[in-house]
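In each ligand, atom 1 is the first atom listed, and ligand 1 is the first ligand listed.
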Amino acid sequence: MTATFNAIALPGQPHIAYQGSDLMVEGVRLSDLARAHGTPLFVYSKAAMLSALAAYQRGFAGRQAQICYAMKANSSLAVLQVFANAGCGFDIVSAGELARVLAAGGDPAKVIFSGVGKTRAEMQQALKVGIGCFNVESEAELDVLSDVAASLGLKAPVSLRVNPNVDPKTHPYISTGLKGNKFGIAHEEALRAYRHAASLPGLKVVGIDCHIGSQITEMTPYLDAMDRVLDLVADIEAAGIPIHHIDFGGGLGINYNGDTPPEADALWAQLLAKLDARGYGQRQLMIEPGRSLVGNAGVCLTEVLYLKPGEQKNFCIVDAAMNDLPRPAMYQAFHQIVPVTAQTGEGTVYDIVGPVCESGDWIGRDRQLQVQAGDTLAVLSAGAYCMSMASNYNTRGRAAEVLVDGTQVHLIRQRESAFDTFALEQLVD
Ligand SMILES: *Cc1c(COP(=O)(O)O)cnc(C)c1O
């Protein structure tokens, strides 16, 4: 028996809500999507992506700012297309991501290339299409990039990723701006690295960047990082090296489970006040948000296969697994899990687990749910770092994806078949 749940708030997800007992994404019933496209199925709301972007755009109104979507969060072509059409550039970390940007109609001049391990071949490809900036992460990379650019008769535009040594107060696996991280150039070494960059024939210094971590839910680490970066800008410019743009990275968190990150516009009001106070408010600014643009714009639908009561634990076995939703297995991350058709009754406490042969294959622990085999559940906040991290482990084809726009539904990725997963393999004669 179903009940009416008119006002079940899904925190931070204005475009995903119950209407009556039906969980909807914009104007589309999720139970209909599961029936039409099967499960596991990722469903994204275009309006949710654009409203997350609008918070940044409001924050930067009247400033020279370029938002470069950090596409590793969700690199599906149609998602990139939404952001490209809205004027975004892209923060990429591989030549593969560059190929996706071009395939989605993105502007290479608005691409910035981050990452600690760019290969010569990747540098060449990026230079040939004329990307906007290389965010260089080590002195050794400066030499290689200069060499590659000079051999093409080009000058590579570079920014140095500096490490402000600020604790973002997030999970250690997604904290990147501390001294012990593999990312960036230490604050103390940055001026020397800039002098070195300015002396190389194949480079043109254009900016400075930092990125301190991910799922950051407080303002203070950003404000501290900004102070540290501006201190460096002053030192570098005093050494006669102009810094055209300042890139503050990404990392703003989303509400997964009662988290209370600042809104992007509120965060930028504070940061811009600091920039103004220090006299840098009219600079070209860049930011690289990933998770905060897509995380709460997506859900993953999954069917309950079996209920398996036990002495210590009850298991709810679903058809999505760690290969589709890797975040719990990787970082003990939390996703809310709700039925697509609201049910009455107390429910039972379950661990929600997938079919993969690993004890780490769980999606949620100790969740109270009123469910039966055959029901469809929605795993919330699944727009970021889910599909883009999905694998074929256990020879599971990757899920299909749909993009909802009002009442329209676009299939943006077909479900991968078993054959697709081994299409590039060969038997030996
Ligand atoms: C991952 C990453 C981002 C985006 O981080 P989010 O937490 O998804 O906003 C931005 N910049 C760099 C360099 C990154 O590696």
Closer than 4.0 Å to some heavy atom of [X] - which atoms of ligand 1 meet that?
X: Ser114; value: 13 (C)
X: Pro289; value: 9 (O)
X: Arg161; value: 13 (C)
X: Ala70; value: 3 (C), 4 (C), 10 (C)

Check for me whether [X] has a heavy atom closer than 4.0 Å to any atom of ligand 1.
X: Ser292; result: no
X: Gly251; result: yes
X: Tyr385; result: yes

Exercise for the section: Could you check whether the rings of Phe422 and Phe419 sit parallel, tilted or perpendicular, using 30° and 60° as the cut-offs? Expected result: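 If you compare the ring of Phe422 with that of Phe419, the planes turn out perpendicular.
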
Problem - Pair Asp420 + Arg415, salt bridge at N-O below 4.0 Å - result: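 Result for this pair is no, no salt bridge flagged.
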
How close does the nearest protein non-hydrogen atom get to [atom], and which residue and atom is it?
atom: atom 14 (C) of ligand 1; value: Lys72 NZ, 2.9 Å
atom: atom 5 (O) of ligand 1; value: His211 CE1, 3.4 Å
atom: atom 11 (N) of ligand 1; value: Glu288 OE1, 2.5 Å

[X], any N or O under 3.5 Å of ligand 1 N or O:
X: Gly290; answer: yes
X: Ser214; answer: yes
X: Arg291; answer: yes

Handout entry: Region of Val93 engaging ligand 1 - heavy atom pairs below 4.0 Å
Key =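 Neither; no heavy atom under 4.0 Å.
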
Handout entry: side chain to side chain donor-acceptor pair (under 3.5 Å) pairs, two or more places apart, involving residues 190-204
Key =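 For residues 190-204: Glu139-Arg192, Asp143-His196.
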
Handout entry: Option among Asn85, Val79, Leu80 that satisfies the side chain to side chain contact (heavy atoms under 4.5 Å, CB included) test with Phe83
Key =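 Exactly one candidate clears the test, Val79.
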
Practice task
Assess the pair Tyr222 and Trp268: is the distance between their ring centroids shorter than 6.0 Å?
Solution key: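 No, they do not, as the ring centres are separated by 6.0 Å or more.
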
Practice task
Give a yes or no on whether the backbone of Gly406 and the side-chain of Glu26 come within a donor-acceptor separation of less than 3.5 Å.
Solution key: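 Answer holds: yes.
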
Practice task
Please check if the side chain of Ser151 supplies one atom and the backbone of Val148 the other of a donor-acceptor pair under 3.5 Å.
Solution key: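 It does hold such a pair.
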
Exercise for the section: Check whether more than 12 heavy atoms from other residues, nucleotides or ligands sit under 6.0 Å from atom CD of Glu303, and answer yes or no. Expected result: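 Atom CD in Glu303 is packed in, count exceeds 12.
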
Problem - Cation-pi geometry met for Arg291 and Tyr256 (6.0 Å, 45°) - result: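 Cation-pi check for Arg291 and Tyr256: fails.
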
